[in-house]
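In what follows, every heavy atom counts, from backbone to side chain, and hydrogens, waters and symmetry copies are set aside.
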Amino acid sequence: MVVMRPREVVFGNAVWGGVERVAIDRSGTRVIREWGGGGAALVFADVGAYQVRARVWQSLDRTSLGGPPPGEMDELRIELDAGSDVGRRRVRFDAVVESVTHEVSDYRALRLISLIAVSEEGDEDPVVVSDAS
């Protein structure tokens, strides 16, 4: 899932201004693979567990001494503007800050916040997409 130019991004009570994009990725952490005796191709595959990671790219236009510390946990809310193929929507999930890094060039400063989504119940997807109302 990729959100370009979100209307608003909020982590807990902190509004993160200047967010250019958010990418939400899912990857298997416990992958089961089985091969048969007749050849090199898999005959069975399954994902027994997965994790959801989010990356938030935030453009900085002035000195910033803040940013969320690794280990901080709260709800991340992303509000999308109505577009040609997407109505006004909201994406939300509980997340733990994994890392905060910065890229600085002659032209811009960018903060990259990496988060790991957490589910209250292990059998529920942590990411909820709904209409913004």
Side-chain angles (χ1 to χ4, degrees):
M1 180 183 310
V2 176
V3 177
M4 302 298 290
R5 293 174 293 286
R7 181 172 184 264
E8 184 176 65
V9 177
V10 179
F11 185 65
N13 293 323
V15 177
W16 290 349
V19 173
E20 297 179 354
R21 61 193 179 275
V22 179
I24 299 170
D25 300 310
R26 299 166 191 275
S27 59
T29 58
R30 216 175 9 222
V31 180
I32 301 160
R33 297 175 180 94
E34 291 182 14
W35 287 264
L42 285 171
V43 295
F44 178 80
D46 194 9
V47 175
Y50 69 94
Q51 67 180 357
V52 178
R53 288 198 151 156
R55 290 170 293 156
V56 177
W57 284 267
Q58 183 182 28
S59 179
L60 303 174
D61 58 2
R62 62 179 177 219
T63 298
S64 175
L65 301 177
E72 184 173 342
M73 181 174 172
D74 220 319
E75 183 182 62
L76 183 72
R77 293 182 309 281
I78 307 160
E79 193 166 317
L80 293 68
D81 271 328
S84 59
D85 63 345
V86 177
R88 194 161 169 195
R89 310 277 294 189
R90 181 174 293 133
V91 178
R92 65 178 178 79
F93 52 92
D94 290 335
V96 175
V97 176
E98 180 180 32
S99 66
V100 178
T101 59
H102 298 85
E103 296 175 16
V104 180
S105 72
D106 291 340
Y107 307 103
R108 67 186 296 185
L110 195 65
R111 175 182 288 150
L112 175 59
I113 304 167
S114 296
L115 305 115
I116 301 171
V118 179
S119 174
E120 268 189 44
E121 303 291 328
D123 61 347
E124 294 179 4
D125 191 313
V127 179
V128 176
V129 179
S130 61
D131 291 330
S133 45

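- Taking CG from Leu60 and CZ from Arg111, the interatomic distance works out to 5.0 Å, rounded to the nearest 0.5 Å.
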Contacts under 3.5 angstrom, residues 14-21 side chains, donor-acceptor by atom type, not counting sequence neighbours:
residue	atom	partner	partner atom	Å
Glu20	OE1	Arg108	NH2	2.8
Glu20	OE2	Arg108	NH2	2.4

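- The CD1 atom of Ile113 sits 9.0 Å away from the CG atom of Leu76 when rounded to the nearest 0.5 Å.
- Following chains of ILVMFWY side-chain contacts shorter than 4.5 Å, one can reach Val129 starting from Val52, so the two form part of one hydrophobic cluster.
- At distances below 3.5 Å, at least one donor-acceptor pair connects side-chain atoms of Asp125 with backbone N or O atoms of Val127.
- Annotation for Phe93 and Ala117: closest pair CD1-CB, 3.7 Å, computed over non-hydrogen atoms.
- Put simply, Met1 and Val56 are part of the same group of oily side chains (I, L, V, M, F, W, Y) that touch within less than 4.5 Å, one to the next.
- What you find for Val47 and Ala49 is that their closest heavy atoms are CG1-O, 3.1 Å.
- Across Ile78 and Pro6, no two heavy atoms sit closer than the pair CG2-CB, 3.8 Å.
- A 6.0 Å sphere centred on CG of Asn13 holds no more than 12 heavy atoms belonging to other residues, nucleotides or ligands.
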- Task: Please lay out, stage by stage, how Asp131 and Arg88 fare under the test salt bridge (charged side-chain N to carboxylate O under 4.0 Å, His left out).
- Result: CA-CA 6 Å; Asp131 291 330; Arg88 194 161 169 195; over 6 Å; no
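- Open room surrounds CD on Glu120; 12 or fewer heavy atoms of other groups in view lie less than 6.0 Å from it.
- Taken to the nearest 0.5 Å, the CG atom of Leu112 stands 6.0 Å off from the CH2 atom of Trp57.
- To the nearest 0.5 Å, atoms CE (Met73) and CG (Leu115) are separated by 11.0 Å.
- With Arg55 as the partner, the side chain to side chain contact (heavy atoms under 4.5 Å, CB included) test is satisfied by one option alone out of Val2, Asp25, Val22: Asp25.
- Glu98 CD: more than 12 foreign heavy atoms inside a 6.0 Å radius.
- For the salt bridge (charged side-chain N to carboxylate O under 4.0 Å, His left out) test with Arg90, the passing option among Glu75, Glu8, Glu79 is Glu79; the others fail.
- When all heavy atoms of Gly12 and Val10 are compared, the closest pair comes out as O-CG1, 3.2 Å.
- Of all the heavy atoms in Tyr50 and Pro126, the pair that sits closest is OH-CD, 4.1 Å.
- By the 6.0 Å contact criterion, CZ on Arg92 is open, its count of non-hydrogen atoms from other residues, nucleotides or ligands being 12 or less.
- Closest of all the heavy-atom pairs between Val97 and Pro69 is CB-O, 3.5 Å.
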